[in-house]
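In this text the structure is predicted, and so the values were computed from the model without any measurement.
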Amino acid sequence: MDGVNTDRGSSSCSDRDLNESSRLRSLKVADGSLKQLPQLGSPKFDLSNFSVLQNHGLYQYPYTMNALEILRETIRILRSNAACFMIIAAVFICPVSALLLSNALVNQSIVKRLVMRLLLVARSSGLPLNHLVKQTCIRFSEMIISNLFCFPFFITFSLTSKAAIVYSVACTYASKRVVASDFCSSAAKIWKRVVSTYIWVCVVIASCIALFIVLLIVICNLFSIVGYPSEFIVYPALVVAIVFSVAFAHTIIICNLTVVITILEEVSGSQALFRSVFLIKDQTHVGLIIFLGSTIGMALVEGLFEHRVKTLSYGDGSSRIWEGPLLVIMYSFVVLIDSMMSAVFYFTCRSSSMGTLEGDYEESAELDAVVPESGETS
């Protein structure tokens with residue numbers, strides 16, 4: 001009897017699943033056009049209709065989490081599909097990490113010319129050419145030139161790795177199996193809008209840096225014209241740098257979330273940026289902590305690579321053979337975790353925004369219920 005009841009119950013459950021699947025496949029999108037959705041339980045996963053599936057509640061969102069909980073969730077997802085993420089890191093992230101750490105594509109003559117120009121601008125602005133100012137100009141020049149020369153790798157390898165990581169995280173929440181062929185077909189559909197959004201992100205970051213340089217020059221020149229000594233002008237310059245650091249951190253958080261939104265939702269460019277600002281408004285502090293942790297991790301690995309591999313500070317240098325690849329792997333792992341946390345951060349931001357909307361809806365419903373009653377009593 002138990003076996004008969006079990007079979008009867010399982011058959012009724014399967015009938016309900018089939019009916020639910022048929023109903024969902026006939027749902028209309030916001031613009032009124034019909035969109036074919038994949039069967040429930042199908043291993044195929046398509047990023048192009050992910051936003052539609054999100055809107056109909058087919059994906060399990062994580063609850064609103066703080067930075068530590070997002071890290072734990074990231075580690076859980078990494079452990080659940082370690083082979084997939086390790087392949088992504090080895091194929092797409094490690095080559096870019098090796099180029100960034102070694103500065104293999106950077107022309108040092110161009111860096112020197114840029115450093116000289118920055119030092120001339122600093123001196124004309126009234127800043128003293130001390131060790132701090134010189135090192136800042138050198139690091140800034142190396143960063144700018146390195147990013148310019150590595151841009152083709154960013155727009156190919158890095159973007160592909162981000163799309164693959166976001167796809168894998170989304171598959172985890174959708175209880176789907178990660179299939180390389182499905183990812184390739186989905187990436188081909190969304191690649192154009194992802195590239196256009198990435199160009200928008202680069203323009204926003206470049207504009208933020210250019211605005212900081214202009215503002216720094218103006219502030220230093222104002223203090224120099226008033227007659228303050230060059231040793232004193234360093235302090236307002238440091239204040240401007242601190243304010244810029246906070247603003248730049250917010251910009252990077254919004255830009256990282258913008259790329260994730262473009263991959264998972266059918267928006268791109270400026271619309272994705274505004275969407276990112278809307279989603280992140282209640283979770284800014286969490287994004288700042290994630291950015292701070294990732295930045296510290298990358299800076300530590302870069303510093304180790306600088307002093308243990310580039311600069312021969314001890315021994316005969318034979319340890320470079322194994323320390324260099326090890327630090328590249330460490331740097332790639334930090335980038336992998338950062339990209340996964342950005343994806344998880346998107347889901348928790350979306351969960352938070354959905355909870356806010358539900359709360360507003362319930363509040364408005366309560367008001368609608370109260371107003372007629374008050375009108376009747378009057």
Side-chain angles (χ1 to χ4, degrees), residues 67 70-79 81-106 139 142-143 146-170 172 178 183 187 194-195 197-198 201-202 205 248-249 251-263 286-306 308-310 323-347:
I70 289 177
L71 179 60
R72 290 173 179 170
E73 178 73 3
T74 301
I75 299 300
R76 183 191 69 81
I77 296 173
L78 178 62
R79 293 178 62 185
N81 203 352
C84 174
F85 290 109
M86 291 301 104
I87 291 174
I88 294 172
V91 175
F92 297 109
I93 301 178
C94 282
V96 182
S97 300
L99 290 175
L100 282 176
L101 291 175
S102 62
N103 290 331
L105 300 179
V106 176
R139 298 298 180 187
E142 290 180 348
M143 181 192 70
S146 177
N147 282 279
L148 286 177
F149 277 89
C150 292
F151 181 77
F153 294 91
F154 291 154
I155 207 169
T156 52
F157 283 83
S158 293
L159 266 186
T160 305
S161 68
K162 288 181 182 295
I165 290 169
V166 172
Y167 171 84
S168 302
V169 173
T172 301
V178 179
F183 167 71
V194 172
V195 172
T197 302
Y198 185 75
V201 165
C202 293
I205 294 175
F248 188 71
T251 304
I252 295 297
I253 296 166
I254 293 173
C255 290
N256 288 338
L257 194 61
T258 299
V259 176
V260 178
I261 289 173
T262 303
I263 296 171
V286 178
L288 286 175
I289 295 174
I290 294 174
F291 171 78
L292 182 62
S294 302
T295 303
I296 291 175
M298 294 179 187
L300 286 174
V301 179
E302 288 175 359
L304 287 173
F305 194 91
E306 180 73 24
R308 307 284 291 188
V309 179
K310 288 184 179 180
E323 283 186 350
L326 177 61
L327 291 173
V328 169
I329 293 173
M330 291 173 60
Y331 190 87
S332 301
F333 185 77
V334 175
V335 174
L336 173 66
I337 294 297
D338 178 62
S339 299
M340 292 180 66
M341 291 182 72
S342 296
V344 177
F345 183 56
Y346 161 80
F347 285 103

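- Sparse packing is recorded around CZ of F157, with 12 or fewer heavy atoms of other residues, nucleotides or ligands lying under 6.0 Å away.
- In plain terms, the two heavy atoms of T160 and F183 that are nearest each other are O-CZ, 4.0 Å.
- The side-chain heavy atoms of L78 and F333, taken from C-beta on, include a pair separated by under 4.5 Å.
- I263 has its side chain out of reach of Y167: every pair of non-hydrogen atoms, C-beta onward, lies at least 4.5 Å apart.
- With hydrogens and angles disregarded, a donor-acceptor distance shorter than 3.5 Å links the side chain of N147 to the backbone of M143.
- In this structure, T295 OG1 and F248 CZ are separated by 9.0 Å, a value rounded to the nearest 0.5 Å.
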Carefully, step by step, assess L100 and S146 under the rule side chain to side chain contact (heavy atoms under 4.5 Å, CB included).
-> CA-CA 7 Å; L100 282 176; S146 177; 3.6 Å; yes
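- Between T172 and R76, the closest heavy-atom pair is CG2-NH2, 4.4 Å.
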After noting the C-alpha distance and the side-chain angles of Y346 and V166, does the key distance pass the side chain to side chain contact (heavy atoms under 4.5 Å, CB included) rule?
-> CA-CA 10 Å; Y346 161 80; V166 172; over 6 Å; no
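- Taking every heavy atom of both residues into account, C202 and F151 meet most closely at SG-CE1, 3.7 Å.
- Nearest heavy atoms, L257 versus S342: CD1-O, 4.3 Å.
- Taken to the nearest 0.5 Å, the CG atom of L336 stands 5.0 Å off from the CD1 atom of I93.
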Just do the side chain to side chain contact (heavy atoms under 4.5 Å, CB included) check on E142 and V106 with the steps written out, would you?
-> CA-CA 8 Å; E142 290 180 348; V106 176; 5.9 Å; no
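- Nearest heavy-atom pair, V335 versus M298, reported as atom, atom and distance to 0.1 Å: CG2-CE, 3.9 Å.
- Scanning both residues, T258 and I254, for their nearest heavy atoms gives OG1-O, 2.6 Å.
- Two residues are said to be in side-chain contact when any heavy atoms from C-beta on lie closer than 4.5 Å; V96 and C150 fail this criterion.
- Rounding to the nearest 0.5 angstrom, the gap separating the CG atom in L288 from the CD1 atom in I252 is 11.5 Å.
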Between F345 and I253, is a side chain to side chain contact (heavy atoms under 4.5 Å, CB included) present by the stated rule, with each step listed?
-> CA-CA 10 Å; F345 183 56; I253 296 166; 4.2 Å; yes
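- Atoms CD1 and CD1, from I75 and I70 in turn, are 12.5 Å apart once rounded to the nearest 0.5 Å.
- A distance of 11.5 Å separates CG of N256 from CE of M341, quoted to the nearest 0.5 Å.
- How far CD1 of I290 is from CD1 of I337: 12.0 Å, rounded to the nearest 0.5 Å.
- Side-chain contact between F85 and I77 is present, with heavy atoms from C-beta onward closer than 4.5 Å.
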